[in-house]
Amino acid sequence: MSKKYKTAISPTREEDYSQWYQQVIKASDMAENSDVRGCMVIKPWGYSIWENIQKNLDQMFKEIGCKNAYFPLFIPKSFFEKEAEHVDGFAKECAVVTHTKLEDDGQGSLNVAGELTEPLIVRPTSETIIGASFSRWISSYRDLPLMINQWANVVRWELRTRLFLRTTEFLWQEGHTVHSEEQEAIKLTTIMLNIYAKFAEDYLALPVIKGEKTVSERFPGALRTYCIEAMMQDKKALQSGTSHFLGQNFSKSSNIKFQNKEGCEEYAWTTSWGVSTRLIGALIMAHSDDDGLVLPPRIAPNHVVIIPIFRNEEDEIKVKTFIEDFLPQLNNTSYHGDKLRIEYDDREISGGEKNWQWIKKGVPIRLEIGPRDVANQSVFMARRDKAHRDKDSISRNEFLNNVVSFLDDIQFNIFNRALKFRESNTFLLDDYNEFYDFFTPNNIDKPMIHGGFAYSHWCGDIKCEEEIKNRLKVTIRCIPLNSKYEEGKCIFCSSNSTKRVYFAKNY
RNA sequence: CGGGAUGUAGCGCAGUUCGGUCAGCGCGUUCGGUUCGGGACCGAAAGGUCGCUAGUUCAAAUCUAGUCAUCCCGACCA
């Protein structure tokens, strides 16, 4: 066995990380590029993951009293212009609707016609249009807090796109809250950040660092931006969720006022927070291997796939009878308050081929059931968190009794693997030369997977941050919330610093 | 939007230098047979106006111009 095993995905992560990423998506049949530049078609396997993300997050939002609503896709240009920083941040990437109809030119083509007096912007985010509604909904402190979320699509006209990570149109949720007290609004942004972190870690098995963005990385119009940052397998950081404290910026521009207990009118304090289909990109890049997708059970479209194995009709009947007897019991098993999601794959294609399709799709547990298993009342189990040849025969009852703990174990392993990866690629760097080498690939022409997170001192000067970005394309991903007071010297200018921040290359 | 690369069957590619049986290969698909507990084998078949549009030429996948798309690097960004 001197020959290397053939991997299902080629190139491998090591050979060409970004090609590997695209091949994983193709092989798992999650999504594809569409005929519209920069936009993706999310196929059933990918959409099903999104539905699971929605379902679980939605529940978490509702638990803290948030309600869902829906606001228009179009934002009048005049609304958008109200918040100056906001305009600066998004103006360059807005799709704008200027006409309302098409007219036949009599030669087989259509001309745009019916010009609008005021152009409509396709929402890149909805603070301004939601703010307009909120200003009508709120008049008294008794109306507060107001907590609204919407599941929607947004458009940001990006120059360079990548499936799930950055597409022109993407799906997300955006929550918008209004409060009478500044501290209450700030507290809500951290509550949301904790929800995101918990969701990422418990469901996506994605270890994240909770932190605050520096001024230059803030959401346009926000006073503070909190974020969760995760490390991908190419050691780059991916911002996976954000929560913004907007102060009174948007309440002033949208005129969101309320009468307080003393009867005086005040501007309210607002927040906004969101996660997007980018989470699916994070999921892929954090866990998948050279055989394709690896899905954490809590978010997988299917938990278990059953693959019947037989060589003749007699065996086929035996095997199928066994499985059909076994299925209802499996279906009744509950998994974290949900039903176990089982796929019985009885398509007429070879077992090996089926097996590899499900490996590439990342299903946590594969069960091969053949005549030998029927005779022994057992099943042959393979786990996606282990090597594809590493399979075990266990009794059917043992499987039934333990399937939930197997899934939990897979979830746990995937999380731990990602956590260890992040930890072993995070370094306390205190010397600029060391820092420079850390972020410089050995071969510039073919930059290999290199770097990681540098946990280093920063004096707080925006100029140091900017210079590092210019030189190395490395940015401060966040100032971690749990950072401790520590005296040190800024990695760039050697001025005094009191805390460390995370530096990394990012998506 | 700047620099680079690529575009040939569902997927992965060869052929382009030097225009002339070059429209091919592997995988996949369909059919038939043999197999059968770790991506099976044999045989047959289907499938492409060579990204698109002009041009040069007796003749273009091949040369020229334009155009579109994708990927990589940069700027921008969740």
Side-chain angles (χ1 to χ4, degrees), chain A residues 5-11 16-19 21-23 26-27 29 32-38 88-94 124-125 154-174 196 213 216-220 225 227-230 237-244 272-282 291-292 307-312 315-316 319 349-360 366-376 378-380 382 387-391 393 441 444-447 469-470 473 475 506-507:
Chain A
Y5 283 120
K6 185 180 166 190
T7 55
I9 302 297
S10 138
D16 189 334
Y17 194 81
S18 52
Q19 285 295 330
Y21 175 75
Q22 294 179 76
Q23 292 304 325
K26 190 179 276 182
D29 208 27
E32 63 188 21
N33 275 308
S34 73
D35 296 326
V36 183
R37 182 201 175 98
D88 271 358
F90 288 108
K92 283 168 291 182
E93 51 190 49
C94 286
T125 177
V154 284
V155 167
R156 295 183 188 174
W157 214 267
E158 300 289 350
L159 302 174
R160 221 174 124 190
T161 59
R162 283 185 102 184
L163 289 176
F164 290 118
L165 293 179
R166 184 174 302 107
T167 47
T168 300
E169 180 190 14
F170 58 95
L171 305 182
W172 79 345
Q173 78 33 235
E174 50 179 323
Y196 287 154
K213 287 292 188 190
S216 59
E217 299 274 331
R218 260 181 214 155
F219 176 77
T225 287
C227 62
I228 51 173
E229 294 281 334
L238 184 75
Q239 180 175 310
S240 310
T242 50
S243 180
H244 316 290
S272 70
W273 27 275
V275 295
S276 70
T277 35
R278 178 177 248 204
L279 285 178
I280 299 175
D291 286 325
I307 302 172
I309 309 277
F310 48 83
R311 72 181 88 175
N312 55 44
D315 285 347
E316 180 176 354
V319 167
I349 58 173
S350 88
E353 179 58 29
K354 268 184 210 177
N355 203 23
W356 278 100
Q357 283 185 11
W358 293 112
I359 290 172
K360 287 186 278 194
R366 305 188 301 284
L367 283 188
E368 291 168 31
I369 298 177
R372 213 180 294 162
D373 303 297
V374 175
N376 299 328
S378 65
V379 295
F380 213 56
H388 65 80
R389 281 169 186 277
D390 186 0
K391 304 183 189 182
S393 178
I444 305 284
D445 293 332
K446 193 176 181 295
K469 185 178 178 182
N470 291 341
K473 287 142 211 151
T475 51
N506 73 301
Y507 276 96

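Values below: every heavy atom of this structure, side chains too, minus hydrogens, waters and symmetry copies. Chain A is the first sequence line, chain B the second, and so forth, proteins listed ahead of strands; every chain is numbered from 1.
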A.B. asks: In whole Å, what separates the C1' atom of B:G2 from that of B:G48?
C.D. replies: 35 Å
A.B. asks: Do any N or O atoms from the side chain of A:Y21 and from the backbone of A:D16 form a donor-acceptor pair under 3.5 angstrom?
C.D. replies: no
A.B. asks: If we take the P atom in both B:A65 and B:C72, what is their distance in whole Å?
C.D. replies: 27 Å
A.B. asks: If B:U53 has a Watson-Crick or G-U wobble mate with both distances under 3.5 Å, name it; if not, just say none.
C.D. replies: B:A65
A.B. asks: To the nearest Å, give me how far apart CG (A:L159) and C1' (B:C71) are.
C.D. replies: 15 Å
A.B. asks: Looking at A:W356, I'd like to know if its CH2 atom is crowded, meaning that more than 12 non-hydrogen atoms belonging to other residues, nucleotides or ligands lie closer than 6.0 Å.
C.D. replies: yes
A.B. asks: If you assign A:K473 and A:T277 each to the RNA chain B nucleotide with the nearest heavy atom, which residue ends up on the more 5' nucleotide?
C.D. replies: A:K473
A.B. asks: Quantified in whole Å, what is the P atom distance between nucleotide B:U57 and nucleotide B:G10?
C.D. replies: 34 Å
A.B. asks: State whether the side chain of A:E32 and the backbone N or O of A:K26 hold a donor-acceptor pair below 3.5 Å, judged by distance alone.
C.D. replies: no
A.B. asks: Which atoms form the tightest heavy-atom contact between A:E229 and A:A237, and what is the distance?
C.D. replies: OE1-CB, 3.7 Å
A.B. asks: For B:C71, give its Watson-Crick or G-U wobble partner with both distances under 3.5 Å, or none.
C.D. replies: B:G4
A.B. asks: Write down the distance between CD (A:Q357) and P (B:C27), rounded to a whole number of angstrom.
C.D. replies: 17 Å
A.B. asks: Under 4.0 Å between any heavy atoms, over every strand shown, what does A:F219 touch: base, sugar-phosphate, or nothing? Just pick one.
C.D. replies: nothing
A.B. asks: Start at the 5' end of RNA chain B and walk down; is the nucleotide closest to A:Q23 or to A:A382 reached first?
C.D. replies: A:Q23
A.B. asks: Tell which nucleotide pairs with B:C25, taking only Watson-Crick or G-U wobble pairs whose two distances are both under 3.5 angstrom.
C.D. replies: B:G12
A.B. asks: With rounding to whole Å, what would you report as the distance between B:A61 and B:C22 at their C1' atoms?
C.D. replies: 9 Å
A.B. asks: Give one of base, sugar-phosphate or nothing for A:Q22, where a contact means two heavy atoms less than 4.0 Å apart.
C.D. replies: sugar-phosphate
A.B. asks: To the nearest Å, how far apart are A:E353 CD and B:C41 P?
C.D. replies: 12 Å
A.B. asks: I need the CD1-C1' distance between A:I309 and B:A40, as an integer number of Å.
C.D. replies: 13 Å
A.B. asks: Which nucleotide wins on minimum distance to the side chain of A:R166, given the candidates B:U70, B:C77, B:G37?
C.D. replies: B:C77
A.B. asks: Taking all non-hydrogen atoms of both residues, which atom of A:D373 and which atom of A:E368 are closest, and how far apart?
C.D. replies: OD2-O, 3.5 Å
A.B. asks: Write down the distance separating the C1' atoms in B:G24 and B:G47, rounded off to the nearest Å.
C.D. replies: 14 Å
A.B. asks: As a test of reading the structure: which of B:C72, B:G37, B:C77 is closest to the side chain of A:S18, going by heavy atoms?
C.D. replies: B:C72
A.B. asks: Checking base pairs now: Watson-Crick or wobble, both atom distances under 3.5 Å. What partners B:A60?
C.D. replies: none
A.B. asks: With both distances kept under 3.5 Å, what pairs with B:C41, Watson-Crick or G-U wobble?
C.D. replies: B:G33
A.B. asks: What does A:G38 touch in the nucleic acid at a heavy-atom separation under 4.0 angstrom: a base, only the sugar-phosphate, or nothing?
C.D. replies: sugar-phosphate
A.B. asks: Considering all heavy atoms of both residues, which atom of A:Y507 and which atom of A:L238 are nearest to each other, and what is their separation?
C.D. replies: CB-CD1, 3.4 Å
A.B. asks: Which part of the nucleic acid, if any, lies within reach of A:E158 when heavy atoms closer than 4.0 Å are counted: base, sugar-phosphate only, or nothing?
C.D. replies: base
A.B. asks: Side-chain contact, heavy-atom cut-off 4.5 Å: A:R372 with A:S393?
C.D. replies: no
A.B. asks: Identify whether any heavy atom of A:T225 sits under 4.0 Å from a base atom; if not, whether one sits that close to sugar-phosphate; answer base, sugar-phosphate or nothing.
C.D. replies: nothing
A.B. asks: Could you measure between the two P atoms, the one in B:G43 and the one in B:A54, and give it in whole Å?
C.D. replies: 44 Å
A.B. asks: Between A:R160 and B:C77, is there a side-chain N or O to OP1/OP2 distance below 4.0 Å?
C.D. replies: no
A.B. asks: Find the distance A:D16:CG to B:G12:C1' and express it as a whole number of Å.
C.D. replies: 15 Å
A.B. asks: Roughly how many Å is it from CG in A:N506 to C1' in B:A75, rounded to a whole number?
C.D. replies: 13 Å
A.B. asks: Taking all non-hydrogen atoms of both residues into account, name the closest pair between A:R37 and A:T168 and its distance.
C.D. replies: O-OG1, 3.8 Å
A.B. asks: Nearest to the side chain of A:R372, heavy atoms from C-beta on, is which of B:C71, B:A75, B:G37?
C.D. replies: B:G37
A.B. asks: Nearest whole Å is fine: how far is B:G28 P from A:W356 CH2?
C.D. replies: 15 Å
A.B. asks: Assign A:L165 to base, sugar-phosphate, or nothing according to its heavy-atom contacts below 4.0 angstrom with the strands shown.
C.D. replies: base
A.B. asks: Looking only at atom C1', what distance separates B:U29 and B:U6, rounded to whole Å?
C.D. replies: 27 Å
A.B. asks: Expressed in whole Å, how much space separates the P atoms belonging to B:G26 and B:G37?
C.D. replies: 27 Å
A.B. asks: Let me know the distance between CZ of A:R156 and C1' of B:C76, rounded to the nearest Å.
C.D. replies: 12 Å
A.B. asks: Pairing check on B:G48: which nucleotide meets the Watson-Crick or G-U wobble criteria with it, both distances under 3.5 Å?
C.D. replies: none
A.B. asks: Classify A:R37 by what it touches in the nucleic acid, base, sugar-phosphate, or nothing, heavy-atom distance under 4.0 Å.
C.D. replies: sugar-phosphate
A.B. asks: Check this one for me: any side-chain N or O of A:K360 less than 4.0 Å away from OP1 or OP2 of B:G39?
C.D. replies: no
